[in-house]
Structure formats: structure tokens, C-alpha cells
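Just so you know, residue 1 is the first one in the sequence shown, and it goes up from there.
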Amino acid sequence: MAATSVLSDGTIRRLVDEGRVRIDPWDPGMVQPASVDLRLGSSFRVFHNHRVPVIDLADPPTNLTEHVGVEDGESFVIHPGEFVLGRTQEWVELPADIVARIEGKSSLGRLGLIVHATAGFVDPGWKGTLTLEITNLTRVPIVLWPGKPIAQLSFMTLDAPAERPYGHPDLGSHYAGQVEATESRYGAAPPAA
């Protein structure tokens with residue numbers, strides 16, 4: 001049984017060069033000692049709280065968010081206490097024996113910007129952009145710029161390849177292949193194969 005470990009900068013670059021891990025667009029300059037910086041994409045989902053009186057997990061609402069696309073050179077403002085969904089600019093693909101964790105950047109966290117609430121885990125077999133759960137914890141608006149570093153992705157090896165990686169037909173993987181910021185599909189039927 002192989003030991004699991006966080007992958008180093010050299011290992012990350014090698015796996016991308018070999019095509020085992022895909023990050024597109026790929027910029028070797030974004031590699032940190034044990035992670036890769038990811039940039040903010042141009043797709044956001046904003047919540048319309050007036051549409052439902054409550055979020056009931058026994059019967060989750062649909063159409064709770066609206067997609068907002070930001071044009072090149074434009075910014076997106078997240079207001080105090082606001083929660084929005086964003087996405088990474090990078091498309092990420094993982095093999096069946098590697099998982100990843102998306103984390104905020106320390107410099108942004110120190111400004112009160114959180115990029116994931118709970119969903120920081122990226123399953124083996126993942127293919128798609130990564131949805132960010134962005135919250136402004138400050139009392140002033142924060143201007144977000146697509147293309148700027150927003151998060152970091154670290155990688156770990158599994159003790160063995162997953163028998164049913166993300167996207168496997170038996171799993172009902174709701175977000176496989178996502179391109180835009182994607183709202184919750186909690187409780188939804190699995191996508192058709």
C-alpha cells in the first residue's frame with residue numbers, strides 16, 4: 001500500500017508535463033512550493049433571497065441564483081456579508097489516484113475574503129472548472145477581478161486508485177464537466193448518462 005502525501009512543486013510540474021494532471025490554462029509560474037495558484041473566472045451566481053422564504057434541505061429550491069457573466073476588463077463587486085458562487089479560470093482534471101484541496105490565499109483571507117465555505121475537496125477523476133463559495137466578511141465592498149489569483153490547489157495521492165472516480169455512472173456526480181459557476185444540485189436526480 002502506497003503512502004499518501006501532499007505533492008511538491010516538482011511533482012506537480014512533472015504530473016502536468018506527463019498529462020496525468022491537467023490544468024488549462026497552464027502557467028508554471030503559478031506553482032507554489034506545495035500547490036498551484038488558481039485564477040478567478042468570469043462566471044458568478046448571485047442569490048435572490050426574495051425568491052424563497054427558507055432553504056429546506058428536504059425540498060431544496062431551484063432557481064435560487066442568477067448567472068452573471070463578467071466581460072473582459074470588467075470587475076465584480078461582492079458586498080459586505082454577501083455570499084456568491086464563482087469559478088476558477090482553470091479547467092482541472094485529476095486521475096483516479098490523486099485528490100486535491102482548494103484553499104483560499106492567505107493574503108486574501110487577511111482582507112476578509114473567503115473562497116470556500118465547506119466544499120474544498122476535489123475528488124479523484126474530477127474534470128471541470130472549480131466552483132468557489134465566495135464570502136465577503138468585511139464591512140466594505142471588495143472588487144474582484146477575473147484573471148487575478150483567487151485560490152490555491154494542493155494535491156495528495158491516494159493509497160490506491162479510486163474504484164469509482166468522480167463521474168462514474170454509479171455515483172450520480174452532479175457537477176462533472178462544469179464550465180460555469182454552478183448552483184447547488186443537492187437532492188437533484190443524478191444527471192442522465
Side-chain angles (χ1 to χ4, degrees), residues 1-45 70 72 85-110 113-134 144-185 190-191 193:
M1 181 164 70
T4 59
S5 61
V6 176
L7 304 185
S8 69
D9 50 1
T11 301
I12 294 168
R13 282 192 294 269
R14 178 178 53 80
L15 290 171
V16 170
D17 289 345
E18 292 172 355
R20 289 199 0 92
V21 169
R22 180 178 170 202
I23 301 173
D24 185 25
W26 171 241
D27 179 354
M30 300 291 274
V31 178
Q32 301 299 320
S35 65
V36 175
D37 283 346
L38 299 176
R39 293 167 285 217
L40 181 63
S42 59
S43 172
F44 298 89
R45 292 204 76 88
V70 176
D72 287 344
L85 300 176
R87 73 158 172 93
T88 60
Q89 187 177 61
E90 290 81 4
W91 174 277
V92 175
E93 294 183 13
L94 300 179
D97 62 343
I98 294 177
V99 299
R101 288 211 55 92
I102 191 162
E103 298 289 347
K105 294 186 64 58
S106 172
S107 296
L108 297 178
R110 294 168 196 226
L113 187 69
I114 306 302
V115 299
H116 82 80
T118 62
F121 188 77
V122 185
D123 282 304
W126 171 262
K127 293 179 183 177
T129 60
L130 300 170
T131 293
L132 303 168
E133 303 157 332
I134 307 170
L144 303 176
W145 293 93
K148 296 282 188 187
I150 189 77
Q152 55 191 348
L153 193 64
S154 62
F155 303 87
M156 291 146 284
T157 56
L158 295 178
D159 62 345
E163 294 174 0
R164 298 183 313 158
Y166 197 85
H168 188 281
D170 292 346
L171 295 179
S173 303
H174 294 296
Y175 308 103
Q178 72 183 14
V179 175
E180 295 181 344
T182 306
E183 68 183 346
S184 174
R185 294 179 179 156

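- Side-chain atoms of Val21 and Trp26, non-hydrogen and from C-beta on, never get closer than 4.5 Å to each other.
- For Ser106, the side-chain hydrogen bond (donor to acceptor under 3.5 Å, both in side chains) partners are Arg110, not counting sequence neighbours.
- We find the NE2-CZ distance between His116 and Arg101 to be 6.0 Å, quoted to the nearest 0.5 Å.
- Taking CG from Leu7 and CD1 from Ile98, the interatomic distance works out to 5.5 Å, rounded to the nearest 0.5 Å.
- You'll find the side chain of Val36 reaches within 4.5 Å of the side chain of Ile23, heavy atoms only.
- The salt bridge (charged side-chain N to carboxylate O under 4.0 Å, His left out) check on Asp9 picks up nothing, with sequence neighbours excluded.
- Residues satisfying the side-chain contact (heavy atoms from CB on, under 4.5 Å) criterion with Ser8, sequence neighbours excluded, are Thr11.
- Residues Trp91 and Arg22 form a side-chain contact, since some pair of their non-hydrogen atoms from C-beta on lies under 4.5 Å apart.
- Taken to the nearest 0.5 Å, the CG atom of Leu132 stands 8.5 Å off from the CZ atom of Phe44.
- Using a 4.5 Å cut-off on side-chain heavy atoms (C-beta onward), Leu40 and Ile134 make contact.
- Contacts of Pro124 classified as side-chain contact (heavy atoms from CB on, under 4.5 Å), with partners at least two apart in sequence or in another chain: Val99, Leu158, Ala162.
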Anything under 3.5 Å between a donor and an acceptor, one on a side chain of residues 144-154, the other on a protein residue two or more places apart or in another chain? List them.
residue : atom : partner : partner atom : Å
Gln152  : OE1  : Ser35   : OG           : 3.3
Gln152  : NE2  : Gly104  : O            : 3.3

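- Here the CD-CG distance, from Gln89 to Asp27, works out to 10.0 Å after rounding to the nearest 0.5 Å.
- The CG atom of Asp72 sits 7.5 Å away from the OG atom of Ser42 when rounded to the nearest 0.5 Å.
- The shortest side-chain heavy-atom distance between Asp123 and Pro165 does not fall under the 4.5 Å cut-off.
- For Asp97, the side-chain contact (heavy atoms from CB on, under 4.5 Å) criterion is met by Arg20, Pro95, Pro161, not counting sequence neighbours.
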(message) Leu38 vs Ile102, test: side chain to side chain contact (heavy atoms under 4.5 Å, CB included). Steps then yes/no.
(response) CA-CA 9 Å; Leu38 299 176; Ile102 191 162; 4.0 Å; yes

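- With respect to Phe155, the side chain to side chain contact (heavy atoms under 4.5 Å, CB included) criterion is satisfied by exactly one of Leu15, Leu94, Val6: Leu94.
- Remark: Asp37 pairs with Lys105 by the salt bridge (charged side-chain N to carboxylate O under 4.0 Å, His left out) rule, at least two apart or across chains.
- The CE atom of Met30 lies 12.5 Å from the CD1 atom of Ile12; values are rounded to the nearest 0.5 Å.
- By the side-chain hydrogen bond (donor to acceptor under 3.5 Å, both in side chains) test, Glu163 is found to be paired with no residue, residues two or more places apart in sequence or in another chain being considered.
- The salt bridge (charged side-chain N to carboxylate O under 4.0 Å, His left out) search around Arg13 returns none, not counting sequence neighbours.
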